[in-house]
Structure formats: structure tokens, C-alpha cells
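Chain naming here is simple, since letters A, B, ... match the order of the sequence lines and numbering starts at 1 in each.
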2 protein chains.
Amino acid sequence: MMELTRKGEYAIRGILYLASQPLGKVSLISEIAEAAEVPQTFLAKIFQSFAKMGIVNSYRGTGGGFTLARHPGKITLREVVEAVEGPIIPNRCLIEGGGCDRRGNLPCCVHEVWKDVQAGVVRVLDGVTIEQLAQKG
Amino acid sequence: MMELTRKGEYAIRGILYLASQPLGKVSLISEIAEAAEVPQTFLAKIFQSFAKMGIVNSYRGTGGGFTLARHPGKITLREVVEAVEGPIIPNRCLIEGGGCDRRGNLPCCVHEVWKDVQAGVVRVLDGVTIEQLAQKG
DNA sequence: GTATAAAAGACAAAAACGGTCCTGAAGGTA
DNA sequence: TACCTTCAGGACCGTTTTTGTCTTTTATAC
Ligand code: SF4
Ligand code: SF4
């Protein structure tokens with residue numbers, strides 16, 4: 001239960017490589033993929049998600065590649081994970097507007113527990129920036 | 001990410017029905033399935049897992065069925081979830097004896113974050129018993 | 001115009017999910 | 001003993017998700 005997918009793991013490795021590079025340096029996806037030991041085409045998809053979420057900037061053509069869109073101290077691990085895996089939802093009754101199928105959409109007593117779990121995970125992941133991680137090596 | 005499967009959701013509903021019954025009362029799987037609104041054959045598998053984990057007792061033959069193996073105040077939500085979904089493992093480097101494939105099995109800096117996530121989730125789920133949940137309705 | 005590099009989308013194998021079904025074993029009961 | 005009840009265990013199966021690959025298109029630099 002609660003397992004990060006490969007995509008999530010690769011996403012972190014990739015963004016961490018970017019964070020370890022000099023600020024503003026443009027990196028090729030091929031370069032990132034090699035350093036992060038991730039299949040290149042797969043990582044390309046991941047970085048597309050990053051770009052859409054405004055975590056990285058992408059540049060096409062000669063001299064193109066990716067840079068961080070913000071200072072690494074302003075990018076949290078939660079953002080990185082959620083960019084590729086979607087929001088952190090321990091149970092479907094926490095989905096925005098979703099609700100529960102039982103009892104006429106009234107949440108049951110367990111609902112609150114899942115909210116606690118969600119809040120706990122979010123707090124941990126929001127408390128870590130990729131700058132912190134990159135510095136620790 | 002981190003989503004409980006149907007199996008986990010059904011497991012909780014099923015055990016909560018047992019906890020709502022008079023202590024020691026033997027309940028049929030058909031009865032539990034109907035009350036919990038869960039496919040019966042699927043719930044049967046779930047209760048097999050419970051029995052193996054020592055959460056419930058099962059009795060065969062006429063008059064058989066299931067009872068809680070312990071007082072509901074001694075059964076935590078974590079046990080119930082882990083019985084059917086396996087241990088709470090946010091990332092594969094937390095698997096016992098598993099380790100990471102990179103850097104010669106040395107855990108990286110993100111490893112500690114996943115340990116924090118795991119500890120947080122476990123703390124929440126271990127802090128709730130099915131007795132508490134059943135009482136709140 | 002041409003080379004470069006990301007964007008976008010189609011495709012696909014493999015695994016996980018969400019069950020169903022059948023046979024068998026254990027335990028009552030007449 | 002024969003029969004009925006109830007759970008145990010395993011085979012099976014369709015759908016969805018994961019984990020990618022490949023091809024085509026678009027944007028950019030030179
Ligand atoms: S039964 Fe309770 S925990 Fe389960 S989905 Fe509904 S509100 Fe959430
Ligand atoms: S790279 Fe780090 S976080 Fe990822 S599996 Fe290895 S030790 Fe864990």
C-alpha cells in the first residue's frame with residue numbers, strides 16, 4: 001500500500017539532477033536521463049508534466065533543454081510527486097467533489113482518519129525542498 | 001498516489017460490521033457481505049487473510065462463521081489494512097532487505113523522507129482501533 | 001533550409017486490480 | 001453413514017494501470 005510508482009521515483013531523480021546543476025544551466029533530457037539512470041523517453045514524458053505544472057521551463061531547438069522554473073528552495077517534494085502522480089489521496093472519499101458511494105454520500109467515521117493520513121503525508125512532503133535534498137547529495 | 005484499494009476499503013467495512021455485533025457472536029460471510037455492501041466472494045478472500053493474520057477466528061460447518069479474534073479495542077486500523085494490502089511501504093527502498101538499486105544499495109537522501117512518511121502513516125493508523133470506529137458509527 | 005530538441009499522441013507488453021467459480025475440507029445433524 | 005452447511009484454496013478472467021517505446025509534429029537556432 002501507498003507505494004510510489006517508478007514514475008514518481010524517476011521524477012524525483014530527474015529534478016534532483018537539475019537542482020544539482022548550476023542555476024540557470026540548460027540540461028538536455030538525454031543528459032538528465034543518463035545521470036538519473038532513467039529511460040530517456042519515459043523521462044521525457046515526466047518532464048512534460050513538470051513543464052505543464054510550471055516546475056521547469058523547456059526550450060526547443062538547438063541549445064534547448066530544461067531548467068528549473070523556480071529556485072530549488074521553492075520547489076517542494078510534494079509538488080514534484082503530485083506533478084506526475086496526481087494529488088495525494090489515501091481514499092476515494094477524499095477526491096474533490098467525489099464523496100462516498102455509501103450512505104447517500106455521507107462520509108463515514110473512517111473518513112476522518114484518511115484525512116489525517118493525507119494531512120500527515122502532505123506535511124512531510126511539503127516540508128522538504130529539492131534544494132535541501134540536492135545539498136545533502 | 002497512496003490510494004487504498006477496494007480490497008482495503010472492503011476489509012475495513014467488513015471488520016467494522018463484526019465489531020458492531022455483540023461480542024462473540026458468530027457472523028456468516030454472507031451476512032457481513034450484505035451489511036457491508038461488498039461482493040461476497042471477494043469478502044470471503046479478505047476474511048481468509050484476516051484469519052491468517054489472527055484478526056478473526058473462523059469456524060466451518062453448520063453454525064460456523066467469523067468472530068473477532070480479539071477485543072475490538074485491541075485491533076488497530078493498521079492491522080486491518082496491512083492484513084490485506086501488505087505493509088505500508090511508500091517506496092521500495094523501505095522494503096525489508098530490499099534496498100535501492102542505485103549507488104550500490106546505499107540509500108540516498110530522499111530515503112529518510114520516505115521513512116518519515118511511513119512513520120507518519122503508521123502512527124495515524126495505529127492510533128485508531130476498530131472499537132473507536134464502530135462506536136462512532 | 002536544415003539540424004536540433006522538446007511536444008504530443010499512438011501503441012504495446014506486463015503487472016495489478018477486482019472480482020468469479022469450482023473443488024475440497026471441516027464440522028454439524030439426522 | 002449420509003448429507004448439509006460453511007469456510008479454504010486455487011484457477012481463472014476481464015479491465016485498468018503501469019512502464020515504457022515509437023513516430024510525427026512543432027518550435028527554435030544557425
Ligand atoms: S465508507 Fe467511509 S472511508 Fe469508505 S469511502 Fe465511504 S466515507 Fe470514505
Ligand atoms: S534513489 Fe533514494 S529514494 Fe529512490 S529508491 Fe534509492 S534510496 Fe530510495
Classify every nucleotide of nucleotides 11-21 of chain D by which part a protein heavy atom approaches to under 4.0 Å, writing B for the base, S for the sugar-phosphate alone and - for neither, in 5'-to-3' order. --------SSB
How does protein reach along nucleotides 22-30 of chain C, written 5' to 3' as B (base within reach of a heavy atom under 4.0 Å), S (only sugar-phosphate), or - (no contact)? --BBSB---
Does D:dG9 have OP1 or OP2 sitting under 4.0 Å from an N or O in the side chain of B:Q48? yes
Strictly below 4.0 Å: does B:S58 bring a side-chain N or O up to OP1 or OP2 of D:dT6?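 Checking B:S58 against D:dT6: no side-chain N or O falls below 4.0 Å of OP1 or OP2.
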Residues which pass ring pair (Phe, Tyr, Trp, His ring centres under 6.0 Å) with A:Y59, listed by chain and number, not counting sequence neighbours: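 For A:Y59 there are no ring pair (Phe, Tyr, Trp, His ring centres under 6.0 Å) partners, ignoring immediate neighbours.
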Can you tell me the distance, in whole Å, between the [atom1] atom of [X] and the [atom2] atom of [N]?
X: B:N57; N: D:dT6; atom1: CG; atom2: P; result: 18 Å
X: B:I46; N: C:dT20; atom1: CD1; atom2: C1'; result: 14 Å
X: B:E3; N: C:dG18; atom1: CD; atom2: C1'; result: 14 Å
X: A:L18; N: C:dA6; atom1: CG; atom2: C1'; result: 14 Å

Between A:E3 and B:N91, do the side chains contain a donor N or O and an acceptor N or O under 3.5 Å apart?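 Looking only at side-chain atoms, A:E3 and B:N91 do not form any donor-acceptor pair under 3.5 Å.
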Check: residues 106-122 of chain B side-chain donor-acceptor pairs under 3.5 Å, at least two apart:
from: B:Q118; atom 1: NE2; to: B:I88; atom 2: O; distance (Å): 2.8

Scan residues 60-82 of chain B for pairs that pass ring pair (Phe, Tyr, Trp, His ring centres under 6.0 Å), counting only residues two or more places apart or in two chains. B:F47-B:F66
Identify each donor-acceptor pair in which a side-chain atom of residues 124-134 of chain B lies under 3.5 Å from a protein atom, sequence neighbours left out, and give them as a table.
from: B:D126; atom 1: OD1; to: B:T76; atom 2: OG1; distance (Å): 3.1
from: B:D126; atom 1: OD2; to: B:R78; atom 2: NH1; distance (Å): 2.8
from: B:T129; atom 1: OG1; to: B:E131; atom 2: N; distance (Å): 3.4
from: B:T129; atom 1: OG1; to: B:Q132; atom 2: N; distance (Å): 3.1

Residues that [X] engages under side-chain contact (heavy atoms from CB on, under 4.5 Å), provided they are two or more places apart:
X: B:Q40; result: B:I29, B:S30, B:A33
X: B:A11; result: B:I46, B:F50, B:V80, B:V84
X: B:E31; result: B:Y17, B:Q21, B:K25, B:S27, B:L28

Within a reach of under 6.0 Å around CZ of B:R70, are more than 12 heavy atoms found that belong to other residues, nucleotides or ligands?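 Enclosed: over 12 neighbouring heavy atoms sit under 6.0 Å from CZ of B:R70.
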Would you classify A:F66 as touching base, sugar-phosphate or nothing, given that sugar-phosphate means primed atoms plus P, OP1 and OP2, and contacts are heavy atoms under 4.0 Å?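 Sugar-phosphate only.
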Would you kindly compare B:K52 and B:L28 by the position of their nearest DNA chain D nucleotide and give the one closer to the 5′ end?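 The answer here is B:L28.
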